[in-house]
Structure formats: C-alpha cells, structure tokens
Amino acid sequence: MFSDISFTERRNMNKRKIIEEKLFRVLSAVATYSLIATLAFIIILIFIKGFHALSWDMVFKAPKGGYYYGGEGGVLNAIVGSLYISIGATLIATLIGVPAALFINVHLARYKRTQNTIRYIIDALWGVPSIVYGAFGFSLMLFLGMNASLLAGIITVALLITPIVVRTFDEVLCTIPKGLYEASMALGSTRSEISFKIIFKQGFPGFITALLLAFGRGIGDAASVLFTAGYTDLIPIHLDEPAATLPLAIFFQLSSPIPEVRERAYAAAVILTIIILIISLAARFLSKKYTKTNLK
Amino acid sequence: MLYRRIFIEKASTTWMVLSISIILVLPLLIGIGLYVKANPLFEYMSLGDLICSSTWLPNEKEFGFLPFILGSLHVTFIAFCLSAPVCLLSAIFLTQFSSKRFMYFMHPVIDILAGLPSVIYGVWGIIVIVPFISDYLAPLFGVKSSGYTILAGGIVLAVMCIPYILNMLIEVFNTVPAGLKEASLSLGATFWETVKHVVIKKGIPGIISAFGLGIAKAFGETMAVMMVVGNMVQTKFHLFDAGYPLPALIANNYGEMLSIPMYDSALMFSALLLFVIILLINLVFRYFIYRTKKYE
C-alpha cells in the first residue's frame with residue numbers, strides 16, 4: 001500500500017505529524033498556564049492596589065459625614081449589609097432547596113423521566129442572569145407594596161441562589177448508592193426518615209458545598225440587589241430598612257472623581273476578594289473533611 | 001408512635017412538594033411578572049418596532065432597543081471569540097495531556113475564577129484593560145480611544161466566561177470512552193490526531209452546548225461589562241468605540257426609572273427580552289446535554 005509513496009515523502013509526513021503534535025501540546029499547555037497566570041494576576045493586582053488604603057477603620061467603621069469627599073469612615077455598613085443579605089438568603093434557599101433536592105432523589109427515585117425534567121428546568125433557571133432576578137424582584141416588591149429594603153434584597157437573592165443549592169446538593173445525592181435507599185426502605189422507614197436521617201447525612205459534604213457556593217454567589221452579586229436592597233450609610237437593624245452591599249459599595253465609590261474615594265473602592269475590593277477566597281477554600285476543606293466519614 | 005411518624009412523614013412531604021413547586025413555578029412567575037410590568041409598552045408600540053427601531057429617546061417615548069441588542073451581541077461575540085479557543089485547548093490539555101495531580105491543582109483555580117464576583121472583574125478591567133487599550137492598543141492601530149470600549153467589555157467578559165465553559169468542556173471530554181482513544185492510538189495515530197479525530201468528534205454535541213451556554217452566560221452578565229464598556233447608545237460595530245449592552249441599560253437607569261413615564265415598562269421589557277433569550281438558549285443547549293447523557 002505504501003509502495004508508491006517514496007521514503008522521503010513518508011519521512012516528511014512523519015515530520016509534519018510530529019511538528020503538529022508538538023505545536024498543539026505547547027499551545028494547549030500555554031492556554032492552561034495562562035489561566036493560572038490570569039487568576040494570579042487579578043488577585044495580586046487587586047491586593048497591591050487596595051492594600052495601602054486598607055486599614056482597620058475601613059473594616060470596623062461605618063461612613064462618617066463627608067466620607068464620599070474623602071472624609072473619615074469605612075465600609076462596615078456594606079460588609080454588615082452584605083452578610084445579612086447573603087446569610088438570610090442562604091437560609092431561605094436552604095429551607096426551599098434542600099427538601100427539593102431530597103424530594104427529587106428520594107420520593108422520585110423511581111421516576112427517572114420526571115427527575116430529569118425537573119433537573120433540566122432547574123439547570124435552565126440557574127442560567128438566568130442576576131439582573132433579570134433583580135428586575136423581577138423589583139416588580140415583586142412594587143406588587144407587594146414594599147420599599148427597597150433588607151427583606152426585598154434577601155428574597156431576591158434567595159430566588160437567585162435556590163437553583164444553585166438544589167442542583168449542587170442534587171449532584172452529590174445522585175452518587176449515593178441506591179442500595180442505601182432500598183435497605184432503609186426494607187427496614188420499614190418512612191420516606192421522610194430516609195431523606196433526613198440517611199440520605200441527608202450521606203450527602204452532607206454536598207450540602208456544605210452547596211451552602212458555601214450559594215453564599216459566595218449571594219455575597220458577590222451586585223445586579224440583583226441594585227434595585228431591591230437600596231443603599232445607605234447606616235447599618236441596617238430592621239428588615240424594612242435599606243441596606244448597603246459590598247459589591248455596590250465598590251461600584252459606587254469607583255465612579256467617584258476623588259482619588260481617595262477610589263482608593264477605598266480598591267480596599268473594599270480586597271475585602272470582598274478575601275471573603276470569596278475564604279469561602280471557596282472552606283468549601284473545599286470542609287467537603288473533604290466530611291467525605292472521610294461517608295459510607296462507600 | 002406510628003401516628004407521630006405518619007404525621008411527620010406527611011408534614012415533611014408537604015413541605016418538600018411545596019418547595020419544589022415554588023422552584024418549578026419560578027420561571028413562569030418571572031415571565032409573567034415581567035410581562036405584566038412591560039405590558040403598557042406593547043399597547044404603545046408593537047414588538048417589531050421595539051426590537052428593530054434604533055431611536056432611543058425616553059423623554060419623547062421613543063423606545064428602540066436595537067442599539068442595546070446589538071451592543072450585547074457585539075460584546076458577546078468578542079468574548080466568545082477570545083474565550084472559546086482558550087477553553088478548548090486547556091480542556092484538551094487538562095483531560096488528555098496533563099497528569100492527574102495537575103488536574104487536582106487546577107480545580108481550585110477554576111473554582112476561584114468562577115467564584116470571583118463580577119464587580120472584582122470590573123475593577124480589574126478598569127485598572128488593567130481600560131488603560132491598556134487607551135494607551136497601547138488604540139495608538140497601535142492609530143485610533144484615539146478612551147479605553148472604555150466594546151473591546152474592553154469583551155475581554156473582561158471572556159475571562160469571566162472561561163471557567164464556566166471550561167468546567168463543562170472538561171466534563172464532556174471525560175465522558176469520551178477510553179477504549180475509543182486506545183483504539184485510535186493503537187492504529188498508530190499520534191496523541192494530537194486522536195484528540196482531533198476521536199475526542200473532539202465524539203464530544204462535538206457537548207462542545208457546542210458548552211459554547212452555547214457560555215454565550216448565554218456572557219449575554220446576561222451585567223456589572224463587569226457595564227463598568228468598562230462605556231455605555232453610549234449607538235449601533236456601529238467598532239472595537240474601539242463605546243457600546244451599550246442590554247443588561248447595562250437596566251442596571252444604569254433604575255434610578256430614573258419611575259420619574260419618566262413608560263420608562264419603567266421599557267426597562268422591564270428589556271429584562272423580559274433578556275430572560276426569554278437566555279432561557280431559550282439554555283433550554284435548547286441543555287436539551288442537547290441531557291440527550292447525550294442519556295445515551296452514554
């Protein structure tokens with residue numbers, strides 16, 4: 001078959017193959033390492049830019065009068081507001097999301113088609129951008145006669161992160177062996193006992209991951225709270241008061257023409273980055289820690 | 001005892017059914033809520049006029065959404081062109097060429113990139129990309145530019161989409177059976193040829209879906225793009241000009257929304273438009289993914 005191809009031609013073909021192989025190996029390696037470099041670049045840059053404006057006052061003081069003209073104060077209002085909103089939203093999302101995920105995996109265990117349809121819809125819901133949730137939350141807020149407040153922010157963010165809780169938790173529940181469910185069924189447990197005493201315990205690492213992922217998304221999201229939570233220099237005490245959030249604080253301060261205020265935006269960005277880094281490292285660490293005690 | 005168990009079973013099942021129905025009804029609710037709010041606009045202008053007209057004069061009740069839709073498309077297009085090759089190459093590297101240990105190292109990198117809030121990307125864009133474009137890139141092409149351009153939006157968006165697309169691509173490539181690759185290698189194909197002719201060919205529905213979902217994600221991204229894209233109403237496509245994507249329109253104008261008549265309906269209409277487009281893209285491409293998973 002190769003007889004009509006000369007030796008040199010074949011050698012050239014081999015050479016071309018080898019060059020192509022090498023080229024794409026290098027290219028793909030470059031692409032991957034450039035991702036690591038980009039991440040390092042972003043984080044290091046944010047830290048360098050924000051570090052010298054960062055002080056204990058930034059973290060522990062609310063803005064004083066004249067703060068937006070370079071006066072004293074910090075972003076405590078935004079930090080507290082962000083924490084309130086994302087903790088509240090995560091709580092609501094857990095109350096809705098965890099039973100939903102358990103329902104899909106326990107009660108619907110025999111209905112594969114229904115399971116997949118529900119997953120399909122929730123996945124599509126996950127893809128809806130946060131600005132749409134923001135707009136919807138805003139119209140819901142007007143419909144219910146509320147003002148821009150902590151509560152409205154919490155509800156909007158909760159809607160945004162519920163699909164995340166359900167699908168992340170569900171992905172882990174999927175991998176639990178069917179035998180566990182069947183064994184406890186055979187011993188005469190009710191479905192709710194299976195859900196909460198067995199499947200939930202076995203899926204606990206997934207629960208932690210889902211919780212922290214949702215929390216991180218909630219604390220970092222700006223578009224959904226832009227309409228609904230409002231903005232204020234005070235630390236919110238009641239649910240019907242407006243609340244500042246960290247991403248919005250960064251955004252507003254960055255558009256200021258005064259350099260000192262922009263410096264503070266960078267410092268606030270450092271705070272937000274640190275929070276996100278802690279959350280994602282904690283998610284990794286905790287889910288590993290709890291996986292060890294699982295049945296295999 | 002038995003009654004108590006039955007009672008708990010019933011109560012928890014009700015709770016579960018209730019929470020899952022809330023989630024499943026949510027997309028419908030969002031659609032209806034936004035439609036009701038946008039309805040006054042439809043009585044005033046037809047759907048075709050709204051989408052195809054390019055005059056945007058809210059004070060004179062002229063609402064043409066074409067500049068914003070085009071703005072979104074331009075930014076998304078650039079982001080896609082920049083991120084798709086990088087994602088494909090590094091997914092190939094991670095699943096085919098690199099060691100397992102490197103993959104373990106890479107996981108947190110991708111997670112953190114995906115977890116960083118969009119405001120942080122926006123800050124990074126303002127510090128790095130915008131001056132880079134105005135000081136180096138634009139003079140290189142002999143153009144004067146402020147740096148707040150469609151190109152800047154596209155670059156920032158590309159970086160934001162990479163972890164999202166990459167995660168899905170890794171999943172796709174991992175489902176390609178090892179036997180197929182081994183068969184190809186044993187026939188004397190090089191690694192790259194195997195990737196080119198077997199892995200990519202086998203994974204093509206998954207790859208297309210991953211890219212499609214990436215586009216949907218880019219289309220709806222708000223804060224980061226809005227911070228660097230310049231926000232000027234125009235329909236031309238020029239890399240070094242400012243643009244005005246659809247999500248930025250909603251986020252930028254929420255303040256004056258209630259002071260100009262019909263303006264709130266117009267903004268809600270743009271949210272509805274965004275919601276419908278992204279939900280449709282998601283439903284279509286997720287359907288692809290579910291189909292391929294089923295026949296695995």
Side-chain angles (χ1 to χ4, degrees), chain A residues 17 20-21 24-25 27-29 31-32 34-36 38-39 42 45-46 49 96 99-100 102-103 107 116 118 120-125 127-132 135-136 139-140 159 162-163 166 190-192 195 216 220-223 226-227 247 250-251 254 266 269 272-273 276-277 280 284, chain B residues 5 8-9 12-13 15-17 19-20 22-24 26-27 30 33-34 37 86 89-90 92-94 97 108-109 111-113 115-120 123-124 126-128 159 162 190-192 213 216-217 220-223 227 247 250-251 254 267-268 271 274-275 278-279 282-283 286 290:
Chain A
K17 263 187 182 183
E20 199 184 327
E21 168 93 16
F24 275 99
R25 267 178 189 253
L27 265 182
S28 63
T32 312
S34 74
L35 287 188
I36 303 173
T38 311
L39 178 65
I42 293 175
L45 190 93
I46 297 274
K49 268 282 187 184
I96 300 175
L102 288 169
F103 185 80
H107 292 65
N116 281 335
I118 292 176
Y120 174 60
I121 293 173
I122 298 176
D123 269 348
L125 203 56
V128 172
S130 56
I131 187 82
V132 172
F136 172 67
S139 57
L140 193 71
L159 293 180
T162 303
V166 180
T190 62
R191 283 207 174 98
S192 63
S195 302
D221 199 80
L226 190 61
F227 301 95
I250 298 170
F251 177 65
L254 206 58
Y266 300 143
L272 186 58
T273 313
I276 294 291
L277 285 179
S280 71
R284 209 143 260 285
Chain B
R5 282 178 65 195
I8 291 175
E9 161 79 14
S12 82
T13 308
W15 176 29
M16 284 170 167
V17 172
S19 48
I20 199 140
I22 290 175
I23 296 171
L24 293 182
L26 191 59
I30 294 177
L34 294 178
K37 277 279 169 193
V86 177
L89 282 173
S90 73
I92 289 169
F93 182 77
L94 287 172
F97 295 150
V109 171
D111 278 0
I112 293 173
L113 263 181
L116 278 182
S118 55
V119 174
I120 299 290
V123 171
W124 176 70
I126 288 181
I127 299 175
V128 180
V159 178
I162 283 175
T190 61
F191 273 100
W192 171 250
L213 293 175
K217 160 117 175 141
E221 190 45 60
T222 317
M223 292 310 269
M227 286 162 84
I250 310 171
Y254 75 100
L267 291 188
M268 287 303 161
L274 212 57
F275 174 67
I278 289 173
L279 198 67
N282 262 284
L283 287 175
R286 298 247 178 231
Y290 276 87

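Reminder, nothing fancy here: chain letters follow the sequence lines and each chain counts from 1.
At least one side-chain heavy atom of B:Leu89 sits less than 4.5 Å from a side-chain heavy atom of A:Phe24. Residues A:Val132 and B:Leu34 meet the side-chain proximity criterion, which asks for heavy atoms closer than 4.5 Å. By the 4.5 Å heavy-atom criterion applied to side chains, A:Pro247 and B:Pro117 are not counted as neighbours. With a 4.5 Å cut-off on side-chain heavy atoms, B:Thr13 and A:Arg191 do not count as touching. Using a 4.5 Å heavy-atom threshold, the side chains of B:Pro108 and A:Arg284 count as touching. By the 4.5 Å heavy-atom criterion applied to side chains, B:Trp192 and A:Arg25 are not counted as neighbours.
With chain B as the partner, the residue from A:Ile276, A:Ile131, A:Leu125, A:Val128 showing the most heavy-atom pairs under 4.5 Å is A:Ile131. Chosen from B:Leu274, B:Ile120, B:Leu94, the residue pairing most often with chain A at heavy-atom distances under 4.5 Å is B:Ile120. The most heavy-atom pairs under 4.5 Å with chain B, out of A:Ile118, A:Leu27, A:Leu45, A:Asp123, come from A:Asp123. Per-residue counts of heavy-atom pairs under 4.5 Å with chain A were compared for B:Leu283, B:Ile92, B:Leu213; the largest is that of B:Leu283. For the options A:Leu102, A:Thr162, A:Leu272, heavy-atom pairs under 4.5 Å to chain B are most numerous at A:Leu272. Considering only heavy-atom pairs separated by less than 4.5 Å from chain B, the leading option among A:Ile96, A:Ile46, A:Ile121, A:Leu140 is A:Ile96. In terms of heavy-atom pairs under 4.5 angstrom with chain A, the leader among B:Pro27, B:Gly115, B:Ser90 is B:Ser90. Listed options A:Ser28, A:Ser130, A:Ser280, A:Gly220 were ranked by heavy-atom pairs under 4.5 angstrom with chain B; first place goes to A:Ser28.
Both the backbone and the side chain of B:Ala251 come within contact range of chain A, judged by heavy atoms closer than 4.5 Å. Both the backbone and the side chain of A:Ile36 come within contact range of chain B, each with at least one heavy atom under 4.5 Å from a heavy atom of that chain. For B:Val86, the parts lying under 4.5 angstrom from a heavy atom of chain A are both the backbone and the side chain. Heavy atoms closer than 4.5 Å to chain B are found in both the backbone and the side chain of A:Thr190. Neither the backbone nor the side chain of A:Asp221 has a heavy atom closer than 4.5 Å to any heavy atom of chain B.
Across all their heavy atoms, B:Glu9 and A:Ser192 have their closest contact at OE1-N, 2.9 Å. The minimum heavy-atom distance between B:Lys37 and A:Ser139, with the atom names listed, is CG-CB, 3.5 Å. In plain terms, the two heavy atoms of A:Gly127 and B:Ile278 that are nearest each other are O-CG2, 3.5 Å. The two residues A:Ala135 and B:Met268 have their closest heavy-atom pair at O-CE, 3.6 Å. Taking every heavy atom of both residues into account, A:Ala100 and B:Ile23 meet most closely at CB-CD1, 3.7 Å. What you find for B:Met223 and A:Ala223 is that their closest heavy atoms are CG-N, 4.0 Å.
Atom OG1 of A:Thr38 sits about 7.0 Å away from atom CG of B:Leu113, to the nearest 0.5 Å. Atom OG1 of A:Thr32 is separated from atom CZ of B:Phe97 by 10.0 Å, given to the nearest 0.5 angstrom. Distance check: A:Glu21 CD to B:Thr190 OG1 gives 4.0 Å after rounding to the nearest 0.5 Å.
Residue A:Ile42 forms a side-chain contact (heavy atoms from CB on, under 4.5 Å) with just one option from B:Val128, B:Val123, B:Leu116, B:Ile127, and that option is B:Leu116.
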